[in-house]
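Below is one structure; the comments refer to it alone.
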Amino acid sequence: MPAFEITRDGAVAHLRLSRPEASNALDLSFWRDFGPALRALDATGEVRALVISGEGRNFCAGMDISVFSGAAILKTDTAAERQALHQAARELQDTLTMIERVRFPVIAAVHGACVGAGLDLVAACDLRLAATGAYFRIEEINIGMMADLGSLQRLPRILPEAVVRELAYLGTSLNAERAERLGLVNAVLPDPETLLAAALEMAQAIAAKAPLAISGSKAAVTYARDHTVAEGLEWVAVMQGSIWNTADILAAIQSRMTRTPAEFAPLAPHAGFGQAAD
């Protein structure tokens, strides 16, 4: 069974984690397929927003134990084995970092448990919505290890540092209501069905905006997070000169004047090196 399924409704894509019997724990097929799937969506230039949700009772129970079963990366007796573990961790990190690299915003719709690698995943998303009863936890500390796929790096840019330290040291859960108060989630919805509808509605609203401006805004916010204000201002000035599109601006103004939906050209398709364009 695949780890996830992707559907499209126009410019909005929906990726559903599809292993409900395992609470959508992230198995080897997820780590193999997730990055290429996001790159493929981005390559079309047609996707303007992506929603990630989970089937069943929980959003994601973290890393599936099968990832570690018999894995050579668990051996760290020699320098070569430790180097292999380092490389494996970097590859897993790169899989989730792809969420930040694609040109469209990614919205996480979280219900039930979102723990361990599941929290690493949503920490990389642009926006997060949660259902009542959802909770977030850095599970790694409860099994004797340090989180290493992004939570400890991204959460301090979202949550107060003291709260991140609380989660990282105690392994306690952050419920949806407190997560909203602290800024981790944008809104709390009453149930999973309402949650998903709200996430898809948000995605459609994003998809109605000028794709170049949305893509540039995503890149600018991500860049600003990791740089000084001065560096961010210089970077965004260069970016604005790169993506300025008079046609999009005129279309947006006309849309406001006539109260009709604007028509924007999609982003240009692209193919990675060594890959043929469709």
Side-chain angles (χ1 to χ4, degrees), residues 10-13 35 38-52 90 93-108 120-129 150-161 164 182-187 202-273 275 277:
V12 172
L38 262 61
R39 283 194 295 270
L41 290 175
D42 189 62
T44 68
E46 298 172 353
V47 174
R48 302 185 184 184
L50 169 68
V51 172
I52 300 180
R90 290 178 61 187
Q93 291 168 356
D94 288 347
T95 295
L96 299 185
T97 296
M98 187 56 60
I99 294 170
E100 294 179 338
R101 291 179 181 161
V102 293
R103 293 177 287 175
F104 46 80
V106 180
I107 304 165
D120 294 316
L121 186 158
V122 304
C125 292
D126 297 274
L127 299 165
R128 289 160 290 274
L129 302 178
S151 288
L152 300 183
Q153 292 68 45
R154 294 185 173 99
L155 290 181
R157 312 301 179 104
I158 304 169
L159 291 168
E161 180 181 316
V164 179
L182 293 171
L184 178 62
V185 301
N186 298 83
M202 181 179 284
Q204 291 289 356
I206 292 170
K209 308 293 186 184
L212 274 173
I214 289 291
S215 176
S217 296
K218 171 173 179 168
V221 171
T222 303
Y223 186 91
R225 180 195 65 188
D226 300 329
H227 295 80
T228 67
V229 172
E231 290 168 335
L233 287 169
E234 178 62 23
W235 186 93
V236 80
V238 173
M239 171 62 82
Q240 187 72 291
S242 300
I243 68 169
W244 183 272
N245 190 334
T246 303
D248 281 352
I249 295 170
L250 293 176
I253 293 172
Q254 180 71 13
S255 172
R256 294 182 67 176
M257 291 176 61
T258 61
R259 292 184 170 82
T260 58
E263 295 290 335
F264 300 110
L267 298 175
H270 69 84
F273 289 109
Q275 298 175 349

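None of these values were measured; they are calculated from a predicted model. Numbering starts at 1 and runs along the sequence shown.
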### Query
Going by atom types alone, do Arg90 and Thr97 pair a side-chain donor with an acceptor below 3.5 Å?
no
### Message
Just so I know, are the side chains of Ile253 and Met257 near enough to count as touching, which here means a heavy-atom distance under 4.5 Å?
### Response
yes
### Message
Is there a salt bridge (charged side-chain N to carboxylate O under 4.0 Å, His left out) between Asp42 and Arg101? Walk through the geometry before answering.
### Response
CA-CA 9 Å; Asp42 189 62; Arg101 291 179 181 161; over 6 Å; no
### Task
Measure the CG-CE distance between Leu212 and Met239 for me, rounded to the nearest 0.5 Å.
9.5 Å
### Summary
Residues Ser215 and Leu267: closest non-hydrogen pair is CB-CD1, 4.4 Å
### Query
What is the minimum heavy-atom distance between Ile99 and Leu121, and which atoms define it?
CD1-O, 3.7 Å
### Task
Show your working on side chain to side chain contact (heavy atoms under 4.5 Å, CB included) between Trp244 and Thr246 and close with a plain yes or no.
CA-CA 6 Å; Trp244 183 272; Thr246 303; 3.4 Å; yes
### Query
Considering all heavy atoms of both residues, which atom of Thr44 and which atom of Pro269 are nearest to each other, and what is their separation?
O-CB, 3.6 Å
### Query
So, the side chain of Glu231 versus the backbone of Thr228: is there a donor-acceptor pair under 3.5 Å, distance only?
yes
### Task
May I ask you to test the Ile107-Cys125 pair for a side-chain heavy-atom distance under 4.5 Å?
no
### Query
If you round to the nearest 0.5 Å, how far is NZ of Lys209 from CZ of Arg48?
12.0 Å
### Task
Check the pair Glu100 / Arg225 against side chain to side chain contact (heavy atoms under 4.5 Å, CB included), numbers first and verdict last.
CA-CA 12 Å; Glu100 294 179 338; Arg225 180 195 65 188; 2.8 Å; yes
### Query
For Leu127, which of Asn186, Val51, Val185 qualifies under side chain to side chain contact (heavy atoms under 4.5 Å, CB included)?
Asn186
### Task
Please name the pair of heavy atoms, one in Ile243 and one in Gly216, separated by the smallest distance, quoted to 0.1 Å.
CD1-CA, 3.9 Å
### Query
Distance-only, no hydrogens or angles: does the Ser255 side chain make a donor-acceptor pair with backbone N or O of Ala251 under 3.5 Å?
no
## Note on the structure
So CG of Asn245 and CD of Gln240: to nearest 0.5 Å the spacing works out to 10.5 Å
#### Entry: Main-chain N/O of Leu184 paired to Arg128 side chain as donor or acceptor, under 3.5 Å
yes
### Query
Short question: side chain of Asp120, backbone of Ser151 - any donor-acceptor pair under 3.5 Å?
yes
### Summary
Taking every heavy atom of Phe264 against every heavy atom of Pro211, the minimum-distance pair comes out as CB-CD, 3.5 Å
### Message
Please check this pair: side chain of Lys218 against backbone of Ala213, looking for a donor-acceptor N/O pair closer than 3.5 Å.
### Response
no
### Query
Which atoms form the tightest heavy-atom contact between Ala49 and Phe104, and what is the distance?
N-CB, 3.8 Å
#### Entry: Ile214 side, atom CD1; Arg103 side, atom CZ - distance, nearest 0.5 Å
13.5 Å
